[in-house]
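Numbered from 1 within each chain, the chains take letters A, B, ... in sequence-line order.
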Amino acid sequence: MENRDHYYEDYELGQQWTSSGRTITESDIVQYCVFTHDLHPAHMDAEYARGTEFGARTAPGAMVFSYTVGLAHHFNNTAHFTYGHDRLQYPRPVFAGDTIHARTTVDEKREYPRDPANWGMVVLKYEGINQRDEVVFVGYHQCMVRKRGSAR
Amino acid sequence: MKATTRYFEEYEVGQTWETMGRTITETDIVYFCTYSTDFHPAAVDVEFSKQFAFGNRISPGMLTFQVSVGLAGEWNLAARTVGHDRLRYPRPTFAGDTIRVRATVVDTSPAPGGQADAGLVTIQYEAANQRNETVLACRHFLLVQRAGV
């Protein structure tokens with residue numbers, strides 16, 4: 001993984017790239033839930049989960065979010081800051097043993113009104129996709145990205 | 001803490017609660033970057049971070065979000081998460097900062113798609129640090145069963 005300045009001008013609307021896969025393991029789920037203290041029985045209690053609509057423990061949505069974003073980046077963009085994340089959705093459950101990959105799309109580009117000479121806004125759409133090609137996560141990343149030649 | 005059952009009818013707009021605090025440690029930051037494989041230098045490289053006004057590694061926004069959701073989550077057996085929206089990180093969080101979360105029910109509405117046995121509850125989370133500065137705001141959408149169905 002390298003650090004690179006990837007400027008506003010370097011993003012093209014509609015550009016798309018796909019990551020390699022990562023299998024979500026039982027360890028991932030248990031470690032994440034203990035770490036964040038999200039001990040909801042849907043994630044932590046196999047007996048309880050057997051009786052739910054999904055039939056087994058699921059990975060928390062907030063976890064699938066960060067795993068997808070971690071996969072999505074092929075390099076660290078040192079010309080960007082995170083402004084926010086919008087419309088995170090978890091349309092299907094993720095179980096231990098599922099393998100997900102990330103598909104990233106440059107969804108929107110616009111001027112940053114407070115400082116248009118130096119910054120632009122880029123919206124990246126992330127999709128987490130499992131081994132059956134089902135979308136398990138969708139979210140939008142609002143990035144503030146430097147323009148080429150901007151004042152540091 | 002213990003898992004409970006709280007039905008849709010038990011949520012009212014304006015209900016609010018505040019969590020205990022949690023100190024974000026250096027361990028948390030390194031651990032987050034490791035499990036998520038999100039190794040942005042602003043979070044993992046002390047030398048890189050020195051060039052910025054902050055002067056120190058920051059907790060990734062997603063980490064602050066996950067810790068906040070973990071603090072504020074109810075372990076409600078009648079609810080499941082369908083989404084989060086408008087995650088904003090107005091100030092940086094550093095190792096050593098202690099955050100706590102105020103949760104407020106901001107909307108209760110029929111379930112999307114006309115599902116009769118559940119409703120949609122929207123909860124606003126605001127995480128503040130030890131100086132009472134907001135470091136994270138977001139909305140949490142929960143599909144919650146109705147009582148007696």
Novice: When rounded to the nearest 0.5 angstrom, what distance separates OH in A:Tyr67 from OG1 in B:Thr37?
Specialist: 8.5 Å

Novice: Taking B:Asp38 for its side chain and A:Gly70 for its backbone only, find out whether a donor-acceptor pair lies under 3.5 Å.
Specialist: no

Novice: Mind checking the CD-CZ spacing from A:Gln142 to B:Arg86? Nearest 0.5 Å is all I need.
Specialist: 12.0 Å

Novice: Determine whether the aromatic ring centres of residues A:Phe81 and B:His40 are separated by less than 6.0 angstrom.
Specialist: no

Novice: For A:His73 and B:Phe39, I'd like to know if the aromatic rings sit close, meaning centre-to-centre distance below 6.0 Å.
Specialist: no

Novice: Contact part of A:Met63 toward chain B, heavy-atom cut-off under 4.5 Å: side chain, backbone, both or neither?
Specialist: backbone

Novice: Return yes if some donor-acceptor pair links the side-chain N/O of A:His40 with the main-chain N/O of B:Asn76 below 3.5 Å, else return no.
Specialist: yes

Novice: Is there a chain of hydrophobic side chains (I, L, V, M, F, W, Y, each step under 4.5 Å between heavy atoms) that links A:Val122 to A:Trp17?
Specialist: yes

Novice: Only pairs of heavy atoms separated by less than 4.5 Å count here; which of A:Asp45, A:Thr68, A:Leu39 has the most with chain B?
Specialist: A:Leu39

Novice: Does B:Trp75 have its ring centroid less than 6.0 Å away from the ring centroid of A:His43?
Specialist: no

Novice: State the CG-CZ distance between B:Leu87 and A:Arg87, to the nearest 0.5 angstrom.
Specialist: 12.5 Å

Novice: Hydrophobic clustering (ILVMFWY, side-chain heavy atoms < 4.5 Å, transitive) - are B:Trp17 and B:Val144 grouped together?
Specialist: yes

Novice: Is there a side chain to side chain contact (heavy atoms under 4.5 Å, CB included) between A:Tyr90 and B:Thr81? Walk through the geometry before answering.
Specialist: CA-CA 8 Å; A:Tyr90 317 104; B:Thr81 296; 3.7 Å; yes

Novice: Under 4.5 Å between side-chain heavy atoms, counting indirect links through other Ile/Leu/Val/Met/Phe/Trp/Tyr residues: same cluster for A:Tyr112 and A:Tyr7 or not?
Specialist: no

Novice: Heavy-atom distance under 4.5 Å between the side chains of B:Ser36 and A:Val69, does that happen here?
Specialist: no

Novice: Does any heavy atom of chain B fall under 4.5 Å from the side chain of A:Glu53, the backbone, both, or neither of them?
Specialist: side chain

Novice: Is A:Phe95 linked to A:Val64 within one hydrophobic cluster, defined over Ile, Leu, Val, Met, Phe, Trp and Tyr using a side-chain heavy-atom separation of less than 4.5 Å?
Specialist: no

Novice: Say whether B:Val67 and B:Met20 are linked into one hydrophobic cluster, either directly or through other cluster members, by side-chain heavy-atom distances under 4.5 angstrom.
Specialist: yes

Novice: I'd like to know whether CZ of A:Arg114 has more than 12 heavy-atom contacts from other residues, nucleotides or ligands below 6.0 angstrom.
Specialist: no

Novice: So how far is it from A:His85 NE2 to B:Arg88 CZ, rounded to the nearest 0.5 Å?
Specialist: 9.5 Å

Novice: Where do A:Gly84 and B:Tyr89 come nearest, in terms of heavy atoms and distance?
Specialist: CA-CE1, 3.9 Å

Novice: Would you mind checking which part of B:Tyr31 comes under 4.5 Å of any heavy atom in chain A, side chain (CB onward), backbone (N, CA, C, O), both or neither?
Specialist: side chain

Novice: Would you mind checking which part of A:Asn77 comes under 4.5 Å of any heavy atom in chain B, side chain (CB onward), backbone (N, CA, C, O), both or neither?
Specialist: backbone

Novice: Could you check if a side-chain atom of B:Leu63 sits within less than 4.5 angstrom of a side-chain atom of A:Phe35, using non-hydrogen atoms only?
Specialist: yes

Novice: Between CZ of B:Phe48 and CG of A:Asn76, what distance do you get to the nearest 0.5 Å?
Specialist: 8.5 Å

Novice: Tell me, for B:Ala79 versus chain A, whether the close heavy atoms (under 4.5 Å) come from the side chain, the backbone, both or neither.
Specialist: backbone

Novice: Considering only NZ, NE, NH1 and NH2 on the basic side and carboxylate oxygens on the acidic side, decide whether A:Asp86 and B:Arg139 come within less than 4.0 Å.
Specialist: no

Novice: Do we get A:Arg22 above B:Tyr35's six-membered ring, with its NZ or CZ under 6.0 Å from the centre and within 45° of the axis?
Specialist: no

Novice: If you count heavy-atom pairs within less than 4.5 Å of chain B, which of A:Leu88, A:Thr52, A:Thr78 leads?
Specialist: A:Leu88

Novice: Looking at A:Phe65 versus B:Phe65, is the centre-to-centre ring distance below 6.0 Å?
Specialist: yes

Novice: Give a yes or no answer on whether the side chain of B:Gln66 reaches the backbone of A:Ala62 with a donor-acceptor pair at less than 3.5 Å.
Specialist: yes

Novice: Specify which of A:Phe75, A:Phe137, A:Tyr83 makes the most heavy-atom pairs with chain B at under 4.5 Å.
Specialist: A:Tyr83

Novice: Taking atom CG of A:Asp38 and atom CD of B:Glu74, what is their separation to the nearest 0.5 Å?
Specialist: 11.5 Å

